[in-house]
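Working notes for the structure below.
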Amino acid sequence: MSRVLSEQEKFRREALKELHKRGIDPFPPEAFERTTNAKEIKERFDSHPAEFEEVKIAGRLMSRRIMGKASFAEIQDQSGRIQVYFNRDEICEGEDKSLYNDVFKKLLDIGDIIGIEGKVFKTQVGETSVEVKSFKLLSKALRPLPIVKTDKEGQAHDAFNDPEQRYRQRYVDLIVNPQVRDTFIKRTKVINSMREFFNSKGYLEVETPILQPIPGGAAARPFITHHNSLNTDLYLRIANELYLKRLIVGGYEGVYEFAKDFRNEGMDRTHNPEFTVMEIYVAYKDYNWMMDFTEELLEKVSTDVLGTSEVQFQDNKINFKAPYRRVPIFDAIKEFTGHDLTDKNEDEIRDICKELKVEVDDSMGRGKLIDEVFGEYCEKHFIQPTFITDYPIEMSPLCKKHRENPNLTERFELMVNGKEVANAYTELNDPIDQLERFQEQLKLSEKGDDEAMFIDQDFVRALEYGMPPTSGMGIGIDRLVMFLTNNVSIQEVLFFPQMKPEAKKVELTDSEKVILEILKGESEIELHELKEKAGLSNKQWDKGMKGLNQKSLAKVEVEGEKKKVVLLN
RNA sequence: GACUUGCUAGCUCAGCUGGUAGAGCACAUCCCUUUUAAGGAUGGGGUCCUGGGUUCGAACCCCAGGCAAGUCACCA
């Protein structure tokens, strides 16, 4: 059964039929070669008018102002919008004016994609425009677009801004909201800039498995799936760290991957179940080098994407210019709570947590407790990019022990605007230590920590062959893009954020089914008799009949006093 | 998972104490040859998220559900 069409959709489908009747293919197959685009015309026409005597452009019709024998319209292509001018007698040279009066004025609609041949000129008001010599319909739009108008002050009127519709129909969002299109261009630029930086250093971009038998490299709940012919459960990766390090073992000295990771956890404005992380591992380096490298990288990315290292994010101005402050985590905690946790054991820290009113439970180990205190009291203060370093060993099972203090690790997290953006280690390459750390995780898991890491025996085996000293770093791409595009919601930087499926419309409601069943037996029946037989409440009866009428399945016919219900087709 | 708010025309939104569903844009018809958020006139368009209930009568009140956003919880 076909969808009930709105009035505007019906008009467009009628236009479609009329076009066919006139021999105009509304979806022609052949290519339309363009000579320029909206942006180029606007930027270059003033200085190089000769280049624009004959142009071919194409795009979506976004507005029309029709005035008798002449009209203005706007065409939008990827580069932007340009005004076009339709003059009846220019388009229709002879007596037959139907191309203008009928095809342009009546059979084209906003949203249609058209190609135009013409000449660039300036209107009396000074707007660079294309005078149309001929036009061709390239694709008909059967649904009306939301119309967003922008006034001289740049204020949008009637903006298409319902988040649910914008995310579910991102294609519409992209058509009508240029700032959204821009955000995603910046996202691509971020990735390109990073890739360029890594490649210039000779590092190798690689791909590692998304389906993993052991979900390693991070602490998170995984998605689980099943491979039929192997008859094995597999996990969607929560991280790719252990695979990239295997490649370092294999002899590559710098590898990186832009990876989609998947975590089966809550969703909010900073978490989507699938998200993008860039991880890089470089042999013969440590975390001090990696801090220098990260600063340099982010300054470059910001400059490449925005032209400046200064970024306005909400109420804060963030400066990505290197170097960044480096603060050991215990110093940070001491600064904001007054407590020095350096030499405190688990029980002592638990008491301090209670004193600080940090919520704790018994499954939390020393590392997690410290993390809670940091998260509660310190994180939010680090607005400008800051490296928090030297995390306690319990928090970092894949990270090498600190060269000066065996209770600490050589780890840093980069905080920006109070949020973690990057995470890096001097990688643990001692296989015996690694196995012990995995076993510690196992104990945590037995204690009730449902996200403690699994033991990956093959990874330990790889380390036993010897991994060079290595430093690795991961950057949350989505979060970085949020900062660089001033978006507080991760959904604004993902083309298609995860959502529950739209509810399927039922073909027939229960009341409709009841009425239809009776009708099928009778093919036509008096109204009051049918109503009696159906035995529905007034409300259900009304809704049912209204629905059937709308779906063109039944009709009420009036003959004098009598009202009959007739079954259609 | 909990709470709060929202869901009305293609879009953005009004809709009072329950009493004939409204506006702007968009759309249709007519007039108009340089307009620009927006020329003029006239007109059409609704599963008021869904299902039940209360009521003479529900967009509105009650119950259950759906989806979304926000806050919290969980989580890097």
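Lettering of chains follows the sequences in order, A, B, ..., and the numbering in each one begins at 1. Note that the coordinates shown come from a computational prediction; the quantities given were computed from them, not determined experimentally.
Side-chain proximity of A:Pro144 to the nucleotides B:G10, B:U34, B:G44 is greatest for B:G10. Among the nucleotides B:G24, B:A28, B:G10, the one closest to any side-chain atom of A:Asp109 is B:A28. Each of B:U12, B:G45, B:U34 was ranked by its minimum atom distance to the side chain of A:Phe72; first place goes to B:U34. Closest contact between the side chain of A:Phe11 and the listed nucleotides B:U33, B:G44, B:C27 involves B:C27. In this structure, the nucleotide among B:C13, B:C11, B:A68 sitting nearest to the side chain of A:Asn161 is B:C13. Listed nucleotides: B:A69, B:C27, B:A38. Nearest to the side chain of A:Ile110: B:C27. In the set B:C75, B:U29, B:U34, B:U29 carries the atom at the smallest distance from any side-chain atom of A:Lys106. Among the nucleotides B:C25, B:G70, B:C75, the one closest to any side-chain atom of A:Glu265 is B:C75. Picking from B:U33, B:C74, B:G70 the nucleotide with the shortest atom distance to the side chain of A:Asp89 gives B:U33. Here the nucleotide nearest the side chain of A:Pro163, chosen from B:U33, B:A68, B:G10, is B:A68.
Pair assignment for B:U36: none, as no Watson-Crick or G-U wobble contacts are both less than 3.5 Å. B:G43: Watson-Crick or G-U partner is B:C27, with both key distances under 3.5 Å. Base pairing analysis places B:U71 opposite B:A2; the two distances defining the Watson-Crick or G-U wobble pair are each below 3.5 Å. Across every strand in view, B:A64 sits in a pair with B:U50 that passes the Watson-Crick or G-U test at under 3.5 angstrom. Searching all strands for a Watson-Crick or G-U wobble partner of B:A21 with both distances below 3.5 Å returns nothing.
Taking atom C1' on both nucleotides, B:C13 is separated from B:U29 by 27 Å, rounded to a whole Å. Between the C1' atoms of B:A68 and B:A28, the separation comes to 34 Å (whole Å). To the nearest whole angstrom, the two P atoms, one in B:A21 and one in B:C49, are 15 Å apart. Only the P atoms considered, B:G6 is 36 Å distant from B:U42, to the nearest whole Å. Only the P atoms considered, B:C67 is 24 Å distant from B:A73, to the nearest whole Å. Rounded to whole Å, the P atom of B:G43 lies 23 Å from the corresponding atom of B:A38. Comparing the same atom, P, in B:A14 and in B:A23 gives a spacing of 16 Å after rounding to whole Å. Spacing between B:G52 and B:G57 at atom P, rounded to whole Å, works out to 16 Å.
Remark: side-chain polar atoms of A:Arg64 are paired, donor with acceptor, to backbone N or O of A:Leu108 under 3.5 angstrom. In this structure, the side chain of A:Ser98 does not engage the main chain of A:Asp102 through any donor-acceptor pair within 3.5 Å. No donor-acceptor distance shorter than 3.5 angstrom exists from the side chain of A:Lys140 to the backbone of A:Ile113, with no hydrogens or angles considered. When atom types are taken as modelled, the side chain of A:Asn37 and the backbone of A:Lys39 share a donor-acceptor pair closer than 3.5 angstrom.
Between A:Arg65 atom CZ and B:C25 atom C1' there is a gap of 14 Å when expressed in whole angstrom units. The nearest whole Å value for the distance from the CD atom in A:Glu164 to the P atom in B:U5 is 19 Å. Across the protein-nucleic acid pair, A:Leu5 atom CG and B:G45 atom P stand 16 Å apart, rounded to whole Å. Taking atom CD of residue A:Glu14 and atom P of nucleotide B:C27, one finds them 16 Å apart after rounding to whole Å. With rounding to whole Å, A:Asn101 atom CG is found 12 Å from B:U29 atom P. A:His271 has its NE2 atom 13 Å from the C1' atom of B:A73, to the nearest Å. The CZ-C1' distance, from A:Phe160 to B:A26, rounds to 14 Å in whole Å. Spacing between atom CD of A:Glu372 and atom P of B:C75 amounts to 7 Å, rounded to whole angstrom units.
Nucleic acid contact class of A:Ile66 (heavy atoms, under 4.0 Å, all strands): base. Contacts of A:Gln155 with the nucleic acid, taken as non-hydrogen atoms under 4.0 Å apart, are absent. A:Asn423 comes within contact range of no nucleotide atom at all, as no heavy-atom separation falls under 4.0 Å. Contact annotation for A:Arg263: backbone-only contact, meaning every heavy-atom pair under 4.0 Å involves sugar-phosphate atoms and none involves a base. Backbone-only engagement by A:Lys500 is indicated by non-hydrogen atom pairs under 4.0 Å involving sugar-phosphate atoms exclusively. If you check every strand for non-hydrogen atoms under 4.0 Å, A:Tyr167 touches sugar and phosphate atoms only. Residue contacts shown for A:Glu153 are absent, as no nucleic acid heavy atom lies under 4.0 Å away. Contacts of A:Glu9 with the nucleic acid, taken as non-hydrogen atoms under 4.0 Å apart, are absent. Among the heavy atoms of the strands, none lies under 4.0 Å from A:Ala156. Within the nucleic acid shown, A:Arg168 comes within 4.0 Å of sugar-phosphate atoms alone, with no base atom in reach, counting heavy atoms only. Counting any heavy atom pair closer than 4.0 Å across all strands shown, A:Phe121 reaches a base atom. In this structure, A:Lys152 reaches the sugar-phosphate backbone alone: every heavy-atom distance under 4.0 Å involves primed, P, OP1 or OP2 atoms, never a base. A:Arg88 comes within 4.0 angstrom of nothing in the nucleic acid, heavy atoms only.
Ring pair A:Phe454/A:Phe438: centre-to-centre distance not below 6.0 Å. Taking the six-membered ring for Trp, A:Phe86 and A:Phe72 have ring centres at least 6.0 Å apart.
Using bins of under 30°, 30° to 60° and over 60° for the plane-to-plane angle, the ring pair A:Tyr100/A:Phe104 lands in the parallel bin. In this pair, A:Phe382 and A:Phe374 present their aromatic rings parallel. The plane angle is below 30°, not in the 30 to 60° band.
Judged by distance alone with a 3.5 Å cut-off, no donor-acceptor contact links the side chain of A:His157 to the base of B:C25. With hydrogens and angles ignored, no donor-acceptor pair closer than 3.5 Å exists between the side chain of A:Gln124 and the base of B:U35.
Phosphate contact (OP1/OP2 of B:U71, side-chain N/O of A:Arg269, threshold under 4.0 Å): present. Phosphate proximity of B:A69 to A:Gln491: present, with a side-chain N or O under 4.0 Å from OP1 or OP2. Proximity of A:Lys149 to the phosphate of B:A26: a side-chain N or O atom is located under 4.0 Å from OP1 or OP2.
Inter-residue side-chain proximity for A:Val132 and A:Glu90 is flagged as unmet; no heavy-atom pair is nearer than 4.5 Å.
Of the options A:Thr294, A:Thr426, A:Asp390, A:Thr409, a side-chain hydrogen bond (donor to acceptor under 3.5 Å, both in side chains) to A:Tyr287 is made by A:Asp390 and by none of the others.
When each of A:Gln83 and A:Ile147 is assigned the nucleotide of RNA chain B with its nearest heavy atom, A:Ile147 is the one assigned upstream, toward the 5' end. Between A:Lys105 and A:Gln165, the residue anchored closer to the 5' end of RNA chain B is A:Gln165, taking for each the nucleotide with the nearest heavy atom.
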